[in-house]
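To find a chain, count down the sequence lines: A is the first, B the second, and so on, and within it residues start at 1. These numbers come from a predicted model, not from an experiment.
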There are 2 protein chains.
Amino acid sequence: MKHSAQRDAILEELCSRKDHPTADELYWSLRQIMPNISMGTVYRNLSLLTETGQIMRLSYGGADHFDGNPQNHYHLHCTSCNRVYDIEMPMCSKMEEDAEKHSKAKITNHILTFIGICENCQN
Amino acid sequence: MKHSAQRDAILEELCSRKDHPTADELYWSLRQIMPNISMGTVYRNLSLLTETGQIMRLSYGGADHFDGNPQNHYHLHCTSCNRVYDIEMPMCSKMEEDAEKHSKAKITNHILTFIGICENCQN
DNA sequence: ATCAATATCGATAACTGTTACTATTATTAT
DNA sequence: ATAATAATAGTAACAGTTATCGATATTGAT
């Protein structure tokens with residue numbers, strides 16, 4: 001894997017924000033500091049960074065969102081603005097053990113997403 | 001909402017299976033008993049049935065899956081075959097209260113998905 | 001520093017999953 | 001029966017994403 005200024009910029013931009021932008025949102029932000037970065041480059045690097053575990057992909061239907069923090073944690077998906085925010089509460093890994101007791105699956109991870117209305121959209 | 005044989009067939013097929021098929025998988029099954037049902041009809045009715053709360057849509061990236069049981073419950077997403085199965089364990093609604101304590105969001109629901117290898121794919 | 005090998009780039013075409021459109025058909029209330 | 005209209009099959013269009021390609025940038029060896 002070779003170094004690239006575009007990949008650096010993508011990772012830096014993503015990590016500097018606490019929202020969880022889509023590829024498209026990220027693209028338009030990056031255009032302001034790197035005016036001819038291309039959409040393909042954004043998508044390619046988001047996939048690369050996801051594969052190498054440096055960021056996290058969030059799929060809730062519609063466009064994927066991306067999180068600069070690759071450590072598993074929980075999110076709020078706001079049904080009003082469609083944005084995604086962190087919920088800072090302790091991980092509940094015990095649920096994975098529970099789930100293995102109730103099935104014959106080998107469980108490696110879990111994804112917990114809360115659905116509701118974010119602080120902003122309540123006003 | 002008028003009655004329709006196609007919608008009946010879609011709902012019946014979906015409820016009779018314990019896997020959680022995609023629109024495409026459902027379409028090809030239905031073609032065998034209703035040879036000129038169209039893809040548009042499948043998609044349109046899956047959306048209608050989701051809106052009226054008769055079924056549930058599951059989005060994990062890639063094609064959506066559908067569940068004939070609209071009551072919230074937990075799933076396993078197998079990373080090997082990409083299929084989705086039920087995990088029959090008790091709902092943990094307390095987590096929603098926890099999440100509200102840790103944020104200013106108004107939470108109405110939560111989606112919990114376990115990631116791993118299903119029984120079939122372990123062999 | 002130069003060079004060869006090749007990963008990455010920007011641009012654009014292609015692809016997948018889904019929704020929208022349209023003329024026709026089926027259902028329903030009168 | 002008839003009129004009103006929801007639903008259909010078929011197809012075009014769309015959104016999000018991935019693949020292709022010739023040009024460019026990075027890297028390690030000389």
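When the P atom of C:dG17 is taken as reference, atom CZ of B:F66 falls 13 Å away, rounded to whole Å. The distance between atom CG of B:N82 and atom P of C:dT16, rounded to the nearest whole Å, is 15 Å. In this structure, the NE2 atom of B:H65 is 16 Å from the P atom of C:dT16, given to the nearest Å. Per the geometry, CE belonging to A:M39 stands 9 Å off P belonging to D:dT17, to the nearest Å. Atoms OH (B:Y43) and P (C:dT16) sit 12 Å apart, rounded to a whole Å. Put simply, OH on A:Y27 is 15 Å from P on D:dT17, counting in whole angstrom units. Distance CG (A:D8) to P (D:dT26): 10 Å, rounded to an integer number of Å. Put simply, CD on A:E25 is 13 Å from C1' on D:dG16, counting in whole angstrom units.
A:M91 and A:M56 fall into different hydrophobic clusters, defined by Ile, Leu, Val, Met, Phe, Trp and Tyr side-chain heavy atoms under 4.5 Å apart, directly or through other members. Hydrophobic clustering (ILVMFWY, side-chain heavy atoms < 4.5 Å, transitive): B:F66 and B:I111 are in distinct clusters. Under a hydrophobic clustering in which Ile, Leu, Val, Met, Phe, Trp and Tyr are joined whenever their side-chain heavy atoms come within less than 4.5 Å, directly or via other members, B:Y60 and B:Y74 fall into different clusters. Note on A:L30: it clusters hydrophobically with A:L46, by side-chain heavy-atom contacts below 4.5 Å among ILVMFWY residues.
Side-chain contact of B:D86 with B:H20: a donor-acceptor pair under 3.5 Å is present, judged by distance alone.
Residue B:R57 places its CZ atom among more than 12 non-hydrogen atoms of other residues, nucleotides or ligands, all under 6.0 Å distant.
Across all strands, A:S47 comes closer than 4.0 Å only to sugar-phosphate atoms, never to a base (heavy-atom distances). A:D64 comes within 4.0 angstrom of the backbone, heavy atoms only, and of no base.
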Restricting both atoms to N or O, compile the protein contacts to nucleotides 2-8 of chain D shorter than 3.5 Å, with distance only.
from	atom 1	to	atom 2	distance (Å)
D:dT5	O2	B:K2	NZ	2.4
D:dA6	O4'	B:K2	NZ	3.4
D:dA6	O3'	B:K2	N	3.2
D:dA7	OP1	B:K2	N	3.1
D:dA7	OP1	B:K2	O	3.3
D:dA7	OP1	B:R7	NH2	3.0
D:dA7	O3'	B:S4	OG	3.4
D:dT8	OP1	B:S4	OG	2.7
D:dT8	OP1	B:N45	ND2	3.4
D:dT8	OP2	B:R44	NH1	2.2
D:dT8	OP2	B:N45	ND2	3.2
D:dT8	O3'	B:Q6	NE2	2.8

